[in-house]
Number of protein chains: 2
Amino acid sequence: MGRKTGSHSEITGPKIRLAALKLFARHGFAAVSMRQIALDVGVQAGALYLYTPDKQSLLFGLMQDHMTGLLAAWATQPQPANPVDQLRHFTEFHILYHLDRPDAVFVSYMELRNLTPENFAIIEGLRRSYEDELEAILKRGQTTDVFSLPDTKIATLALIAMLTGVNTWYRQSGRLSRNKVNAIYWDMVRKAVAA
Amino acid sequence: MGRKTGSHSEITGPKIRLAALKLFARHGFAAVSMRQIALDVGVQAGALYLYTPDKQSLLFGLMQDHMTGLLAAWATQPQPANPVDQLRHFTEFHILYHLDRPDAVFVSYMELRNLTPENFAIIEGLRRSYEDELEAILKRGQTTDVFSLPDTKIATLALIAMLTGVNTWYRQSGRLSRNKVNAIYWDMVRKAVAA
DNA sequence: CTGGGAATTGAACAGATGTTCAGTTATATT
DNA sequence: AATATAACTGAACATCTGTTCAATTCCCAG
């Protein structure tokens, strides 16, 4: 047996990444074998190595793509004039972007310990950059006295933890629409940082 | 080779649970082999099966012990008179209890997907019970108009996510004492739910 | 000091693991 | 139609996996 009919790298490549993301999110990186990913794609395990040098790079690529995608998407967002509106916009952006990519979010937060030290440092740097975006907003509000925070860095981490937590319970079929979820969280965020 | 000098089940048993907890937290359940746990304890892999029927039960036992310990500890806590003080007390209790057990917390939150469905249901039930403790406080404050929340269930999950997030960044050698951390988080929690 | 139970070893089991590669088939180019 | 290259197979590799168990050694009660 050799090449399969209708096979193209632009199709198989994304298929592999998608299957890996799904399976890593569901069962965890270490619990998923290359053969399971291959089975999900409909290909033999050896074929995966045409698209990734090894399993570790596959994981790293998924996490890196997620983080750079997140940063790029935020970079294109218009910045409102005042810190309160900026924070509202960040809150909404964060919740919606994360709700749209549950698998990538899950993997990016849960599989950090399965990265090599070098890869971990890179992902950690990207995450830091994202946190800095929020902290910048909080600092601006702090200096203009519309926010009151004992520690902007801790507040940043606390808010992000709270917002990302939506992914653990939100279900599309649940009682709350995405807009309603946004409103509920914005109410808490707004008050939590209020002067 | 047979029994080792000075060997007793009351010593080896806890040693195994502790080593498993540490290694599961560091590398993840699926990434840790029974042989690695045995090596850490200083014993052969076969000896582990005198203390657990299988690897799954070892994980489940650790998670169950953590959750029941958490619930039992909270149950012994004195309940202040008004909801605001109750919430303050819950916040402090949660942060300190979790900071004291980083490995158990990490494993209990990260390895849920490696539990069998039956074991998952049990752990999930315990977690629900703990969430209900916080939600009861929020509901009491809501009815007495000291809290103002669009949705007490969501607020519960949001606050717990925020508080548990401390474990991801807190380091004993860091710039903030545990009391300072408590104060910072209580400031945000108090305001977030305020009427 | 002896006998019985408690604690552990070390080897073995069948199967799964990540990864490589010579061989094979399809697609694209001329 | 012939050729080149892209895509994939299937088998093989050494090693690791969870788990079992007869044999062995140690502890302790009588």
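Naming convention: chains lettered A, B, ... in sequence-line order (proteins, then strands); numbering from 1 in each chain.
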Residue met sooner reading DNA chain C from 5', once B:E10 and B:R35 are mapped to nucleotides: B:E10
Rounded distance in Å - CG (A:L23) to P (C:dG18): 12 Å
Side chain to side chain, A:Y130 and A:H94, heavy atoms closer than 4.5 Å: yes
OP1 or OP2 of D:dT17 under 4.0 Å from side-chain N/O of B:S33: yes
Output field: ring centroids A:W186/A:H89 closer than 6.0 Å: no
Protein-nucleotide distance (B:L48, atom CG; D:dG18, atom P), rounded to Å: 10 Å
Nearest-angstrom distance from the residue atom CG of A:D54 to P of C:dT20: 8 Å
Sugar-phosphate only, base, or nothing, as touched by B:Q36 at under 4.0 Å among non-hydrogen atoms: sugar-phosphate
D:dG10 phosphate, OP1 or OP2, under 4.0 Å from A:Q44 side-chain N/O: yes
A:S7 side-chain N/O to D:dA6 phosphate OP1/OP2 under 4.0 Å: no
Ring geometry between B:H66 and B:Y97 (parallel below 30°, tilted from 30 to 60°, perpendicular above 60°): tilted
Nearest listed nucleotide, side chain of A:L50, among D:dT19, D:dA7, C:dG18: D:dA7
Residue whose nearest DNA chain D nucleotide is more 5′ - A:T12 or B:A30: A:T12
For atom CZ of A:R3 and atom P of D:dT5, their distance in whole Å: 13 Å
Distance test, side-chain N/O of B:K4 to OP1/OP2 of D:dT25, below 4.0 Å: no
Length of the line joining B:I16:CD1 and C:dT8:C1', which is rounded to integer Å: 11 Å
Euclidean distance, atom CD1 of residue B:I11 to atom P of C:dT8 [Å, nearest integer]: 9 Å
Carboxylate-amine/guanidinium contact A:R113 B:E111, below 4.0 Å: yes
Plane angle bin for B:F90 and B:W74 - parallel if under 30°, tilted between 30 and 60°, otherwise perpendicular: perpendicular
Nearest-Å distance for atom pair CD/P, residues A:Q56 and C:dT17: 18 Å
Salt bridge (Lys or Arg N to Asp or Glu O under 4.0 Å) between A:D151 and B:R175, intermediate numbers included: CA-CA 12 Å; A:D151 191 301; B:R175 63 183 166 90; 2.7 Å; yes
Spacing of A:K55 atom NZ relative to C:dT20 atom P, expressed in whole Å: 15 Å
Any B:Y51 side-chain N or O less than 4.0 Å from OP1/OP2 of C:dA7: no
OP1 or OP2 of C:dA28 under 4.0 Å from side-chain N/O of A:H8: yes
Touch class at under 4.0 angstrom, heavy-atom based, for B:V41 against every strand present: nothing
B:S9 side chain near C:dA7 phosphate (N/O to OP1/OP2, under 4.0 Å): yes
Reference residue A:D40; test side-chain contact (heavy atoms from CB on, under 4.5 Å); the match among A:L23, A:I16, A:L18: A:L23
Stems where DNA chain D pairs, listed by first number, each of three or more Watson-Crick or G-U pairs under 3.5 Å: C:6-30 with D:1-25
Any A:Y49 side-chain nitrogen or oxygen under 4.0 Å from OP1 or OP2 of C:dC21: no
N-O pairing of B:R128 and B:D132 below 4.0 Å: no
Proximal nucleotide (of D:dT9, C:dG18, D:dT19) relative to the B:M34 side chain: D:dT19
